[in-house]
2 protein chains.
Amino acid sequence: MRHSAIRKSFEEFLRERDLKLTPQRIRVFERAFGTHEHFSAEEFYSWMRQEDGPRVSRATVYRTLALLVEGGFLECLDTGSGETLFEHVVGHRHHDHLVCSECGRIEEFFDEEIEMRQQAIAEKFGFELETHSMRLFGLCPSCRREARRAAAD
Amino acid sequence: MRHSAIRKSFEEFLRERDLKLTPQRIRVFERAFGTHEHFSAEEFYSWMRQEDGPRVSRATVYRTLALLVEGGFLECLDTGSGETLFEHVVGHRHHDHLVCSECGRIEEFFDEEIEMRQQAIAEKFGFELETHSMRLFGLCPSCRREARRAAAD
DNA sequence: ATAAGTGCAAAGAGTTTGCATGTTC
DNA sequence: GAACATGCAAACTCTTTGCACTTAT
C-alpha cells in the first residue's frame with residue numbers, strides 16, 4: 001500500500017469512530033510511518049520534542065500510539081525489556097523478530113512453515129488464532145565475535 | 001526430575017555461587033515448585049503474605065525469583081500485559097504458550113518442527129540462538145462460544 | 001568473624017488518568 | 001456549540017535500590 005493510501009485509511013478510520021483529525025494525530029501518524037525503525041513511546045516522544053511540527057505532549061503520544069495499534073496501523077512488539085516497542089504494520093508483510101540479547105539489534109524474518117504449524121496448533125486446542133508474537137533471542141554476529149574475543153583473553 | 005533432586009540442585013546452585021540457604025529462599029523455592037500455575041511477582045508476594053511460613057518481603061520475592069531465573073529453575077514468560085509471569089522449568093520439557101486474549105487462559109504446547117526451523121533461521125542470520133519466546137494469541141474454546149452467543153443477540 | 005541476606009521505604013521506569021482548557025466538525 | 005482532544009501534573013503499577021540491621025557459614 002502506498003503512503004497516501006495508508007494515510008487515507010487512517011483518516012477513514014478516524015471518521016468511522018467519530019474521532020477528530022488533529023494536527024497532533026497527523027504528526028504522530030506521519031512520523032510513525034516515516035521510519036522503518038522499531039521505537040518505544042518515550043523514544044517517539046523525544047522525537048516529537050526535537051523535531052519541528054505541532055507540539056505533541058507525552059500523554060498524546062501514548063494515546064495516539066495506542067489508537068494506531070487499535071486501528072491496526074501499528075503493532076506492539078515486546079522485547080522483554082519492560083518497554084513496549086512499536087512498528088508500523090500496514091503496508092508491510094507480517095514478520096517475526098530475532099533479537100540480540102547483548103546489543104538489542106533486531107532482525108526481521110518470516111517463515112511460512114512456522115506460520116502454518118501455528119495455525120494447526122491453535123486449531124488442535126480449539127483456539128481461534130488472532131495474532132502471535134515470536135521472538136528468537138541470541139547473540140548477533142558482531143556480539144558473537146566480541147564474545148569470542150573476550151573469551152580469548 | 002523429582003522434587004527432591006530439583007531441591008538438591010537448587011542447594012548446589014547456591015553453594016557454587018557462595019550464596020546462603022536462607023529460610024526465605026527455601027520458602028520461595030518450595031512455593032514456586034509447589035504450583036503448576038504461571039504467576040507474577042506480585043501474585044507470588046501475596047501468597048507469601050497469606051500463607052504460613054517465614055516472613056518474606058516484597059524485595060526478597062523479586063530478588064529470589066530473579067535468582068531462580070538466573071539459575072535456570074524458572075523462566076519468564078511475558079504476556080504483553082506489562083507484568084512478567086514466571087513458571088518453573090526444571091523438570092519440565094520446554095514448551096511455548098497459547099494465550100486466550102479474552103480471559104487470559106494459558107495452554108502449553110511443543111512443536112519439534114517449529115523448534116528446528118527457529119534454529120535454522122537463527123543460523124541463516126548468523127545468530128547464536130539462546131532462547132525464544134513464542135506466544136499464540138486467540139480466543140479459547142469457551143470465549144469463542146461466549147462471543148458467538150453475544151453475536152447472536 | 002565475615003560475607004551475604006533481609007526488610008523497609010524511597011526511588012525509578014514506563015504508562016495511564018482526571019481535569020481544566022482548547023479545537024474540530 | 002457540542003463533542004471530542006490536548007496538556008499538565010499527579011497517580012499508578014511493576015520493579016529496583018540504598019541502607020541499616022540480621023543471619024548463615
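In what follows, every chain begins at residue 1, and chains take the letters A, B, ... in the order their sequences are listed.
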Round to the nearest Å and state the distance from [X] atom [atom1] to [N] atom [atom2].
X	N	atom1	atom2	value
A:Glu42	C:dT16	CD	C1'	12 Å
B:Leu14	C:dA4	CG	P	13 Å
B:Leu67	C:dA4	CG	P	13 Å
A:Glu16	D:dC4	CD	P	16 Å
B:Arg58	D:dC14	CZ	P	9 Å
A:Arg49	D:dG7	CZ	P	13 Å
B:Asp18	C:dT2	CG	C1'	12 Å
B:Ile26	C:dG5	CD1	C1'	13 Å

Is there a donor in the side chain of A:Glu87 and an acceptor in the side chain of A:His95, or the other way round, less than 3.5 Å apart?
yes
Closest approach to the side chain of [X], judged atom by atom: which nucleotide of [options] is it?
X	options	answer
B:Lys20	C:dG5, D:dT17, C:dT15	C:dG5
A:Ala41	D:dG7, C:dA4, C:dT15	C:dT15
A:Ser57	C:dG5, C:dC25, D:dG7	D:dG7

side-chain N/O [X] vs [N] OP1/OP2, d < 4.0 Å:
X	N	answer
A:Thr60	D:dA5	no
A:Arg55	D:dC8	yes
B:Thr22	C:dA4	no
A:Tyr62	C:dT15	yes
B:Arg63	C:dA4	no

Using the benzene-type ring in the case of Trp, are the ring centres of A:Phe73 and A:Phe13 under 6.0 Å apart?
yes
Between A:Glu30 and A:Arg27, does a salt bridge (Lys or Arg N to Asp or Glu O under 4.0 Å) hold up when you go through it step by step?
CA-CA 5 Å; A:Glu30 291 295 338; A:Arg27 184 171 177 213; over 6 Å; no
Taking any heavy-atom pair under 4.0 Å as a contact, classify A:Gln24: base, sugar-phosphate, or nothing.
sugar-phosphate
Check every strand shown and say whether A:Thr84 touches a base, only sugar-phosphate, or nothing at a heavy-atom separation below 4.0 Å.
sugar-phosphate
B:Thr22 and B:Thr60: CA distance, side-chain angles, deciding distance, side chain to side chain contact (heavy atoms under 4.5 Å, CB included) verdict:
CA-CA 11 Å; B:Thr22 64; B:Thr60 295; over 6 Å; no
Name the residue closer to the 5' end of DNA chain D, choosing between A:Val56 and B:Leu21 according to the nucleotide with the nearest heavy atom.
A:Val56
Pick one: which of B:Glu11, B:Glu70, B:Glu12 meets salt bridge (Lys or Arg N to Asp or Glu O under 4.0 Å) with B:Arg17?
B:Glu70
